[in-house]
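The figures here come from the full heavy-atom set of this structure, side chains too, leaving out hydrogens, waters and symmetry mates.
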Amino acid sequence: KDAEDEAAKGRASWKRMIIHRFIVMMLIFIGMALLFLQPFLGRKHEDNFTNSIEESSGIRIRADSLGDHTSPTIEESSASTTHSSANLRFVTVVDSGSEVNPDGRHDRLLSIQSTWGPAARVIFVVNNVTEFPQAPVMSTSTTSNQNNEQQQTSSYPQLLPLPPGTADRSIAALQYTIRTILRDINPEFALFTNCHTFVIPEHVCHFLNDKSPSEHLYAGHALNVGGTKIFHPASSGYVLSRTTMQGLVQQWDDGACRTERSHPGFFISECLKNVFHVRPMDTTLDDGQQFHSFPLIRLISGDVDDWYKKMSAVKFVGGVDCCSHNTISFHYMEAPECRALYATLKYNINFTKDDESLKKFMIDTWPTSIGGYSRPLPNRESTDLWKSVLTVIRKIASSKTKKNAC
């Protein structure tokens, strides 16, 4: 019997040894297979990134074969985002009537619609709905906020047509816009820009994180005219709180805040200062500005106009310190550059690679024909400038500030 027990133990030990060796060999095989397949898995991840752009933004990136070179071509498709109409955190009011390159206006509105516009809940202020028939007209019913069964959800962007007599982007147009936005949407905050502006909606949310709609707010990047007139231009964008907009409307109804000046920026700034003692808020952070009156490459290279350097209430700084990690806006962005910057930021967030890969993506994606107020990407050989460009891209696309749109 003892001999039989020993034999049984030997067979069990032999089986354990065989199983152990089999497991070790399988682990080695799997490890080598993963190592071999890593490039293909990376490509699959990049394909998933491309799909994520298509699904979340309406942008499609198509790879066109150019010999041995693959270049992503950005196309647009319709995009819309649905939000609850109750107690919206913010909307973005976009004046479509910029006098710079009016022929490119429709394409700029299309690019906003297919990129950052839906998440920023854009309202296009237009002379006539025929300017942009791709977007629905905003409801102007005075009961839309009182009827819980009406307009529970809304798709953005939307159109706000100006009434006759206010189509020249006058102060009357601004007053009508603020009154209508308050009456029919009543957001906690509103960001005012124009159709040359590029906005990062998640950074607007981050900026508003500690702000209350029940307190006055007039925030942006201040310009100083003649040492006495300080205002936030709509080019880089400015934010008003619900309380501030309500106060302005009340003053207008009471006949206060006369319209001696024709510039809407002066009009808003002087009314807030004289009546409410509210001055333009300095939004400078330790690592740069949040609201910008020029496009990305001009800011990084320091190639901005002299008037801007003289009028900026905060000293202009170029290079990697031009732009805060929570950059909210860039200006003078034509449609192709808007699409390219949007795709680049999403690429860096969703599929972060080494600098050379990010540089190649930007070169492949960036338009060769840009607006007259913008600048092209640096030459491939401009190592120092490229280093600054990639640093800023990674800074403003940081996942630290990429929250869901509020």
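Ring geometry for Phe198 versus Phe330: interplanar angle of 30 to 60°, hence tilted. Aromatic ring pairs are classed by plane angle as parallel below 30°, tilted from 30° to 60° and perpendicular above 60°; the pair Phe132 and His106 is tilted.
Proximity of the aromatic rings of His331 and Phe294 is defined here by a centroid distance below 6.0 angstrom, and this criterion is not met. Checked against a 6.0 Å centroid threshold, the rings of Tyr238 and His221 do not count as neighbours. Taking the ring centroids of Phe90 and Phe189, they lie at or beyond the 6.0 Å cut-off.
Between Asp184 and Arg179 no salt bridge is recorded (no basic side-chain N to carboxylate O distance below 4.0 Å). Between Asp364 and Lys360 a salt bridge is recorded (basic side-chain N to carboxylate O distance below 4.0 Å).
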Practice item. Would you sort out whether Leu160 and Thr180 count as a side chain to side chain contact (heavy atoms under 4.5 Å, CB included), showing the intermediate values? Key: CA-CA 9 Å; Leu160 175 57; Thr180 306; 3.7 Å; yes
Practice item. Show your reasoning for whether salt bridge (Lys or Arg N to Asp or Glu O under 4.0 Å) applies to Arg108 and Asp103. Key: CA-CA 10 Å; Arg108 288 196 297 274; Asp103 292 339; over 6 Å; no
Check your understanding: side chain to side chain contact (heavy atoms under 4.5 Å, CB included) between Ile185 and Met138: does it pass, once the steps are laid out?
Key -> CA-CA 9 Å; Ile185 300 180; Met138 188 184 112; 3.6 Å; yes
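The two residues Glu131 and Ser96 make their nearest non-hydrogen contact at OE1-OG, 3.4 Å.
At least one cation-pi condition fails for Lys273 and Phe276: the charged atom is not both under 6.0 angstrom from the six-membered ring centre and inside a 45 degree cone around its axis.
Of the options Phe266, Phe192, Tyr218, a ring pair (Phe, Tyr, Trp, His ring centres under 6.0 Å) to Phe231 is made by Phe266 and by none of the others.
Contact check for Phe207 versus Ile328: side-chain heavy atoms found under the 4.5 Å cut-off.
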